[in-house]
**Student:** 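Here it is: the structure, laid out below.
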Number of protein chains: 2
Amino acid sequence: MSLVLGGKWKGRVSAATAERVRAAAAELGYRPNLAARNLRLGRTRTVLLVVPALTTEFFAGVYTGAARVAARHGFGVVLYPSPEGIGPARDPFASAQAALDGVIASSMAADAVSALRGDHGRGGGGGGDQLPLVMLDSDPEGPGTATVNLDIADGVRQVAEHLLGLGHRDFLHLAADVPSWTFEVRARELAARLAEVPGTRLRTVRSPISIKGAEAAVRGALEGAERPTAVVCDDDQLAAGTYKAARRVGLRIPEDLSVTGIDDLAVATAIDPELTTVRLDAELFGERGMRALLAVLEGEEPEQGDIPVRLIVRGSTAPVRA
Amino acid sequence: MSLVLGGKWKGRVSAATAERVRAAAAELGYRPNLAARNLRLGRTRTVLLVVPALTTEFFAGVYTGAARVAARHGFGVVLYPSPEGIGPARDPFASAQAALDGVIASSMAADAVSALRGDHGRGGGGGGDQLPLVMLDSDPEGPGTATVNLDIADGVRQVAEHLLGLGHRDFLHLAADVPSWTFEVRARELAARLAEVPGTRLRTVRSPISIKGAEAAVRGALEGAERPTAVVCDDDQLAAGTYKAARRVGLRIPEDLSVTGIDDLAVATAIDPELTTVRLDAELFGERGMRALLAVLEGEEPEQGDIPVRLIVRGSTAPVRA
DNA sequence: AGACGGAAGTTATACGTAAAACCTGGTGAG
DNA sequence: CTCACCAGGTTTTACGTATAACTTCCGTCT
């Protein structure tokens with residue numbers, strides 16, 4: 001009976017009976033039992049997406065993209081926002097309570113991976129075999145079956161060029177205080193680019209990723225004569241916090257202070273002036289991650305190459321004042 | 001062997017063998033197969049959370065709350081952001097690809113429910129039996145096994161009192177152009193409260209829920225002498241759009257125009273001045289929803305009563321100018 | 001005419017778990 | 001001394017599906 005719905009009854013069942021079966025199924029409202037099917041097939045067509053948080057639309061975009069291509073391939077995506085944020089996820093599998101074919105981990109710390117690899121997949125009583133794991137926003141040299149990255153280094157370079165072109169030489173890097181590879185890249189790349197230009201100065205302030213946190217963290221650096229002329233933020237939320245701090249200390253943006261972000265979240269255009277920021281295509285990111293995982297599951301080679309990013313120049317950056 | 005891990009080997013297995021089994025399990029890295037367990041138990045300890053979108057932290061909060069309670073009871077939560085937004089969800093089950101014990105639908109249109117009820121649960125080949133369904137932000141008279149609501153009517157009342165107390169009489173309601181019960185309540189309640197006060201005026205403008213959309217929708221109403229002194233927005237994002245429109249037409253907030261929102265998202269404090277808004281406790285909302293579903297599954301009566309909300313007065317509202 | 005082949009339909013089996021049903025050996029009571 | 005009982009352990013079964021294996025039936029070719 002299951003043949004009919006499977007669609008592959010080419011030479012097995014007559015067209016007449018096939019129709020009869022389908023009618024009966026519709027009549028009784030028959031739905032196949034997923035648990036039984038998963039058990040029989042030994043695969044669940046379900047993957048787990050581990051993200052550090054859902055407080056920003058970025059990961060919502062990643063999910064959306066991943067879920068879209070998953071759906072096209074008959075896969076479902078289960079979300080696991082790690083309660084520990086970027087740190088090691090305690091036990092996503094037990095929590096997700098789902099039988100899995102693979103895992104995508106977005107922007108998680110490398111050592112979080114150990115906890116991620118398990119045997120909740122198709123594998124029977126036996127042990128040992130590991131789930132395919134795709135890492136997003138992560139060190140390509142690190143663990144994981146495959147890695148997909150945004151070309152964040154290029155994004156930081158675009159920011160640096162833009163600000164240098166406007167005459168800025170005194171920079172503050174408002175860095176996300178989070179142990180993630182992607183933020184290490186941002187710090188390294190910014191420092192490297194500025195080091196190439198004589199007469200530049202770069203200070204760094206760390207902050208948790210939140211508007212309030214950023215406001216508190218950056219305020220001190222904006223007071224006094226030693227203040228920078230440009231603040232490069234790791235993230236739009238940090239930039240929003242910088243706006244608030246600037247307003248507190250009486251600095252106008254962009255006349256007195258240029259500010260840049262990364263992500264291009266909704267908040268980037270909600271604040272005034274609109275934020276110059278690096279647009280990250282979260283959905284494409286999720287799509288690429290899911291495609292990579294599907295490739296691994298098919299035994300194919302995942303697509304190579306970082307995803308390009310683009311600087312969106314808005315009103316928060318201006319030439320440095322004489 | 002499964003007895004040991006189940007924890008109920010009180011008088012069945014000696015402590016020695018129990019230990020031996022546990023050691024062997026650890027040795028081999030044994031993990032029970034979820035699919036087989038689900039099949040055997042006839043329940044999956046997995047519920048589906050259907051939300052219209054993830055573009056706002058509100059639903060992230062709902063998810064977080066629901067997942068937290070779920071985890072405490074050994075349940076997992078699978079998320080299904082309906083691609084159609086608030087409208088009827090096409091086939092969440094096929095997409096979620098998970099065997100389910102129940103469904104929570106947040107802020108979905110009532111007629112979306114029909115598609116939500118299915119037979120993908122424990123049920124065997126048979127048909128007919130419906131999954132328990134908890135509706136959030138929905139008409140208590142509508143379908144669904146149980147309903148959990150925020151006391152949004154009270155929130156709107158608090159907004160109205162606050163603005164009336166500041167002397168405002170000329171109102172604009174910036175309404176979410178979305179067919180959801182919760183927004184109908186907001187419109188109805190605001191109109192009802194203002195109707196009680198002689199000399200008040202209420203206009204309504206509809207907008208999709210986005211900053212850009214709101215800016216475009218509200219701009220016309222802010223120009224000319226007939227403009228309102230207070231804009232009551234269904235949502236913080238609409239309020240953020242109102243800020244931008246006001247800036248365009250040269251109105252200062254709150255001196256020339258008072259603005260209120262609902263939700264208390266991060267954007268509410270990112271914009272300047274900070275937004276007076278109604279704080280909704282999304283996490284508590286999710287918790288209550290999950291608890292209601294668990295109660296239904298246990299055959300108990302779900303907790304009654306709406307969740308209280310609270311007006312947070314910030315800088316976007318001021319006495320009307322003489 | 002007999003046998004072979006292929007299409008249509010039917011039965012059997014395995015997936016891994018949980019739990020019931022079923023053994024076994026030893027001890028205490030009658 | 002024998003038997004019932006019980007703790008401790010082993011075998012069996014069922015969950016619902018997908019598919020392999022097997023049976024049946026008929027038409028056709030030699």
Side-chain angles (χ1 to χ4, degrees), chain A residues 1-46 74-76 93-94 96-101 118-129 131, chain B residues 1-46 74-76 93-94 96-101 118-129 131:
Chain A
M1 84 156 100
S2 55
L3 302 176
V4 179
L5 300 96
K8 38 189 158 188
W9 45 285
K10 324 287 167 69
R12 307 279 300 113
V13 182
S14 71
T17 30
E19 187 46 47
R20 218 151 43 86
V21 170
R22 235 167 302 156
E27 180 77 22
L28 300 170
Y30 168 85
R31 303 274 168 181
N33 178 312
L34 268 315
R37 169 176 292 172
N38 289 342
L39 176 58
R40 177 68 239 261
L41 273 313
R43 93 204 115 112
T44 61
R45 291 186 164 273
T46 300
F75 275 70
F93 305 100
Q97 200 75 12
L100 305 172
D101 284 351
D119 179 16
H120 287 257
R122 50 167 198 78
D129 43 4
L131 250 44
Chain B
M1 86 157 99
S2 56
L3 303 175
V4 179
L5 300 96
K8 40 189 158 191
W9 46 283
K10 324 287 167 70
R12 306 280 301 113
V13 182
S14 71
T17 30
E19 187 46 48
R20 217 150 45 83
V21 170
R22 235 166 303 155
E27 180 77 23
L28 300 171
Y30 168 85
R31 303 273 167 182
N33 179 313
L34 269 314
R37 171 176 290 174
N38 289 343
L39 175 58
R40 177 69 240 259
L41 272 313
R43 93 203 115 110
T44 62
R45 291 185 164 274
T46 300
F75 275 70
F93 305 99
Q97 200 76 14
L100 306 172
D101 283 351
D119 179 17
H120 287 259
R122 50 165 199 80
D129 43 4
L131 250 43

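Below, read A as the first sequence line, B as the second, and so on, with proteins coming before strands; counting in each chain starts at 1. Here the structure is a predicted model, which is why all the values come from computation and not from measurement.
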**Student:** Return the CG to OG1 distance between B:N38 and A:T44, rounded to the nearest 0.5 Å.
**Tutor:** 11.0 Å
**Student:** Using 0.5 Å steps for rounding, measure from the CD atom of A:E27 to the CZ atom of A:R22.
**Tutor:** 15.5 Å
**Student:** Can you see which heavy atom on A:A99 is nearest to which on B:A35, and at what distance?
**Tutor:** CB-N, 4.1 Å
**Student:** Where the side chain of A:N33 is concerned, which of D:dG16, D:dT19, C:dT17 is the nearest nucleotide?
**Tutor:** D:dG16
**Student:** Can you tell me how far P of D:dA18 sits from CG of A:L39, to the nearest Å?
**Tutor:** 11 Å
**Student:** What nucleotide among C:dG16, C:dA19, D:dT17 has an atom nearest to a side-chain atom of B:L41?
**Tutor:** C:dA19
**Student:** When rounded to the nearest 0.5 angstrom, what is the spacing between CG in B:L34 and OG1 in A:T46?
**Tutor:** 10.5 Å
**Student:** Does A:R40 make a side-chain N or O approach to OP1 or OP2 of D:dT19 shorter than 4.0 Å?
**Tutor:** no
**Student:** Quick one: B:R43 CZ to C:dT17 C1', roughly how many Å, whole number?
**Tutor:** 13 Å
**Student:** Take atom OH of B:Y30 and atom P of C:dG16, then tell me their distance rounded to the nearest Å.
**Tutor:** 10 Å
**Student:** Output yes when at least one side-chain N/O atom of B:R37 is less than 4.0 Å from OP1 or OP2 of C:dA18, else no.
**Tutor:** yes
**Student:** What bend angle does the helix from C:dA1-D:dT30 to C:dG30-D:dC1 show across its length, from five-pair end axes and to the nearest 10 degrees?
**Tutor:** 70°
**Student:** Just the rounded figure in Å: distance from P of D:dG16 to CZ of A:R31.
**Tutor:** 17 Å
